[in-house]
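Take a look at the structure set out below.
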Amino acid sequence: MLNNNMEKALNTQVNAEMYSAYLYLSMSAYFQAKSLGGFASWMRVQAQEEMVHAMKLYDFINERGGRVILELIEAPPTEWESPLATMEAVYEHEQKVTGLINELVELALEKHDHATNIFLQWFVSEQVEEEDSANDVVEKIKLMGDARGGLFMLDRELGQRVFTPPAATSK
Ligand code: FEO
């Protein structure tokens, strides 16, 4: 059985993950409008992954006898200055999410909730990857500078990312 505070905090994280999905889908729409189909596709996959994160938490709350309460999802921004500014915003957002996950882990430890702590370790590792993949794109855009065709090449590369639903989350 989940402690009340832990249950509330996990519900808040469901909302945060759904907001992340919303944010990345908004970025996908922005790239689509800029005719950068590869970037748009990368962001769409990113949004799908965020929904997987949200549903992992959703399932866990239920499994532990908690009650999922869905809250209002804030509207995301719709415009960014450039592809670089957009990817920097992703990297920044992921660092913020890492902070939220760390707070959840701290709460689980404080409540001696070992099951939640173990569950959250997946998210701790996932955040390392999330930050790394966003930063990787940021660095590539910076390296490319004003190189002609660079954005086109990167767009093609990013368009190759595919969404693979993790087996552990398919119920
Ligand atoms: Fe659900 Fe991108 O962290």
Side-chain angles (χ1 to χ4, degrees), residues 2 6-32 36 38-64 66 68-78 80 83-109 113 115-141 154 157-171:
L2 280 172
M6 196 74 246
E7 180 180 343
K8 208 166 177 295
L10 289 170
N11 266 303
T12 302
Q13 191 62 29
V14 171
N15 186 273
E17 299 291 348
M18 287 191 176
Y19 173 77
S20 299
Y22 226 37
L23 173 66
Y24 297 145
L25 201 53
S26 184
M27 288 173 170
S28 180
Y30 160 81
F31 281 123
Q32 201 68 58
L36 287 166
F39 277 88
S41 171
W42 191 95
M43 283 296 177
R44 193 179 170 124
V45 171
Q46 185 76 8
Q48 285 172 297
E49 287 197 351
E50 296 304 346
M51 283 309 294
V52 169
H53 298 172
M55 294 313 292
K56 250 183 182 303
L57 288 150
Y58 179 103
D59 288 338
F60 182 75
I61 294 167
N62 282 327
E63 272 167 19
R64 297 288 308 284
V68 172
I69 304 288
L70 297 179
E71 293 170 10
L72 186 72
I73 303 168
E74 193 190 326
T78 54
W80 290 267
L84 176 60
T86 316
M87 291 312 305
E88 281 176 337
V90 174
Y91 184 40
E92 209 172 288
H93 183 70
E94 287 303 332
Q95 290 175 77
K96 200 174 125 193
V97 173
T98 299
L100 296 176
I101 297 294
N102 288 343
E103 281 173 24
L104 284 174
V105 171
E106 278 158 32
L107 183 63
L109 291 174
D113 185 345
T116 301
N117 179 33
I118 289 169
F119 166 74
L120 288 170
Q121 296 311 303
W122 183 89
F123 284 85
V124 171
S125 305
E126 178 71 4
Q127 281 313 118
V128 174
E129 264 183 51
E130 291 277 83
E131 285 192 30
D132 185 51
S133 64
N135 192 37
D136 185 57
V137 183
V138 168
E139 290 306 318
K140 278 182 177 153
I141 299 176
L154 185 57
E157 183 190 323
L158 295 183
Q160 285 166 17
R161 181 181 183 187
V162 287
F163 174 64
T164 325
T169 59
S170 52
K171 297 202 106 192

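This is a predicted model, so every value here is computed, not measured. All ligand and atom numbering here is 1-based and tracks the order in the structure.
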> How long is the span from the CZ atom in R161 to the CD atom in Q48, to the nearest 0.5 Å?
Replying inline: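 Here the interatomic distance stands at 9.5 Å.
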> When rounded to the nearest 0.5 angstrom, what distance separates CD1 in I69 from NZ in K8?
Replying inline: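 Spacing of CD1 (I69) from NZ (K8) equals 10.5 Å.
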> Is the Y30 ring parallel, tilted or perpendicular to the W80 ring (thresholds 30°, 60°)?
Replying inline: perpendicular
> With a 3.5 Å cut-off and no angle check, do the side chains of E131 and Q127 form a donor-acceptor pair?
Replying inline: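 Looking only at side-chain atoms, Q127 and E131 do not form any donor-acceptor pair under 3.5 Å.
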> Hey, is there an N, O or S on E94 sitting under 2.8 Å from atom 2 (Fe) of ligand 1?
Replying inline: yes
>> Let me check your reading of the structure: within less than 2.8 Å of atom 2 (Fe) of ligand 1, is there an N/O/S atom from E130?
In response: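 Yes, E130 qualifies, because one of its backbone or side-chain N, O or S atoms lies under 2.8 Å.
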>> For atom 1 (Fe) of ligand 1, give me the closest N/O/S atom belonging to E17, just the atom name.
In response: OE1
>> Using atom 1 (Fe) of ligand 1 as the vertex, how large is the angle between OE1 of E50 and ND1 of H53, rounded to 10 degrees?
In response: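 The two atoms subtend 90° at atom 1 (Fe) of ligand 1.
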